[in-house]
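Taking it in order: structure first as structure tokens, then the write-up.
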Amino acid sequence: QVHLVESGGGLVQAGASLRLSCVASGATFSATHMGWFRQTPTKGREFVATISANGERTAYVDSVKGRFTISRDNAENTMYLQMNNLKPEDTAVYYCAADRNSYFSTNSNSREDAYGSWGQGTQVTVSS
């Protein structure tokens, strides 16, 4: 079981940037594919981005492409989500998640059921 702790959320104005961090412990982070999801009361939990264990493959939901960048530092057991040009519709609780599987595909890694461990979430609020 992987223990995940997110940080970096906050209240910002539209157009601003934030960087979320997710620190992992309890597993071999460098062998674990990871993902970011977000949740709102109206839309439920939504896939945002995923990254393979070695960081070479990434995928994003269309609504964040060109604005968000997922990355990881395996030496620090940390994953990041750099969010630029934030919009009010990005307002949500953001969760990081650790994949339960050894294989990676952009299709399967965009689904919640690929992930076996979740963080507690960090709130991102973007005002207009």
Side-chain angles (χ1 to χ4, degrees):
Q1 190 79 2
V2 182
H3 182 61
L4 303 170
V5 179
E6 303 98 333
S7 62
L11 170 62
V12 297
Q13 291 189 327
S17 298
L18 282 174
R19 188 176 80 158
L20 306 184
S21 299
C22 172
V23 179
S25 60
T28 305
F29 182 72
S30 60
T32 304
H33 312 308
M34 300 290 294
W36 285 101
F37 287 75
R38 61 188 180 187
Q39 185 167 8
T40 66
T42 56
K43 294 179 67 176
R45 189 169 290 183
E46 174 191 35
F47 165 75
V48 177
T50 184
I51 187 167
S52 61
N54 61 9
E56 292 182 357
R57 298 182 66 185
T58 60
Y60 301 87
V61 66
D62 286 346
S63 60
V64 308
K65 285 180 181 177
R67 300 188 298 122
F68 289 13
T69 302
I70 189 171
S71 63
R72 63 192 297 160
D73 183 342
N74 285 347
E76 297 294 330
N77 284 2
T78 303
M79 176 179 65
Y80 303 98
L81 186 67
Q82 177 66 44
M83 305 186 295
N84 297 329
N85 189 23
L86 282 160
K87 303 177 180 181
E89 51 264 41
D90 295 318
T91 295
V93 178
Y94 283 71
Y95 297 90
C96 67
D99 189 352
R100 67 172 89 235
N101 303 305
S102 60
Y103 60 86
F104 180 91
S105 78
T106 55
N107 181 47
S108 63
N109 280 75
S110 66
R111 292 165 31 189
E112 284 187 58
D113 60 7
Y115 298 88
S117 299
W118 296 81
Q120 84 289 349
T122 185
Q123 176 71 47
V124 172
T125 303
V126 185
S127 63
S128 57

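All values below come from the heavy atoms of this structure, side chains included, with hydrogens, waters and symmetry mates left out. Quick note: residue numbers are just sequence positions, from 1.
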Point to revise | Shortest non-hydrogen separation from Ala53 to Ala31 and the atoms involved | key: CB-C, 3.6 Å
Check your understanding: Cation over ring, Arg45 on Tyr95, under 6.0 Å and within 45°?
Key -> yes
Exercise for review: Specify the closest pair of heavy atoms between Thr122 and Gly8, including all atoms of both residues, with the distance to one decimal.
Suggested key: OG1-N, 4.2 Å
Point to revise | Donor-acceptor pair, side chain of Arg100 and main chain of Asp113, under 3.5 angstrom | key: yes
Practice item. Answer yes or no: is there a side-chain heavy-atom contact under 4.5 Å between Leu81 and Met79? Key: no
Point to revise | More than 12 heavy atoms of other groups within 6.0 Å of Gln120 CD | key: yes
Point to revise | Contact check, side chains of Asn84 and Ser17, non-hydrogen atoms, under 4.5 Å | key: yes
Review point. Does Trp118 belong to the same Ile/Leu/Val/Met/Phe/Trp/Tyr cluster as Tyr80, with side-chain heavy atoms less than 4.5 Å apart forming each link?
Key: no
Study note, to complete from the structure: When rounded to the nearest 0.5 Å, the distance separating CG of Asn107 from OG1 of Thr50 is 11.5 Å
**Study point:** Stepwise salt bridge (Lys or Arg N to Asp or Glu O under 4.0 Å) check, Lys87 with Asp90
**Key:** CA-CA 5 Å; Lys87 303 177 180 181; Asp90 295 318; over 6 Å; no
Review point. So do the side chains of Ile51 and Phe104 get within less than 4.5 Å of each other, counting heavy atoms only?
Key: no
Practice item. Taking all heavy atoms of Thr91 and all of Thr40, pick out the closest pair and write down the distance. Key: O-CG2, 3.2 Å
Revision key, fill the gap. Output for pair (Arg72 CZ, Cys96 SG), nearest 0.5 Å, gives 11.0 Å
Practice item. Kindly compute the distance separating CG (Asn77) from OG (Ser30), expressed to the nearest 0.5 Å. Key: 7.5 Å
Practice item. Rounded to the nearest 0.5 Å, what's the gap from OG on Ser105 to CZ on Arg111? Could you check? Key: 8.0 Å
**Study point:** Flag side-chain contact, heavy atom, 4.5 Å: Glu89 against Ser63
**Key:** no
**Study point:** Heavy-atom pair with the smallest gap, counting every atom of Glu76 and Thr78
**Key:** O-OG1, 2.8 Å
Practice item. Answer yes if Val93 and Met34 sit in the same cluster of Ile, Leu, Val, Met, Phe, Trp and Tyr residues linked by side chain heavy atoms under 4.5 Å apart, and no otherwise. Key: yes
Check your understanding: When clusters are formed by joining ILVMFWY residues with side-chain heavy atoms under 4.5 Å apart, either directly or through shared neighbours, do Val23 and Phe29 land in the same one?
Key -> no
Revision key, fill the gap. On a heavy-atom basis, the closest approach of His33 and Asn101 is CD2-O, 3.7 Å
Exercise for review: Drop me the distance from Glu46's CD to Arg38's CZ, to the nearest 0.5 angstrom.
Suggested key: 4.5 Å
Review point. Hey, does Phe68 have a side-chain heavy atom less than 4.5 Å from the side chain of Leu20?
Key: no
**Study point:** For Phe47, all residues meeting ring pair (Phe, Tyr, Trp, His ring centres under 6.0 Å), sequence neighbours excluded
**Key:** Phe37
Point to revise | Atom pair CD1/CD of Ile70 and Gln82 - distance to nearest 0.5 Å | key: 12.5 Å
Review point. Between Ala14 and Pro88, what is the shortest heavy-atom contact and its length?
Key: CB-CD, 4.2 Å
Check your understanding: Would a distance-only check, ignoring hydrogens and angles, find a side-chain to backbone donor-acceptor pair under 3.5 Å from Tyr115 to Trp36?
Key -> no
Exercise for review: Find out whether Arg67 and Tyr60 are in side-chain contact, i.e. whether some heavy atom of one side chain is under 4.5 Å from a heavy atom of the other.
Suggested key: no
Review point. Yes or no on side chain to side chain contact (heavy atoms under 4.5 Å, CB included) for Leu4 and Glu6, after CA distance, side-chain angles and deciding distance?
Key: CA-CA 7 Å; Leu4 303 170; Glu6 303 98 333; 5.5 Å; no
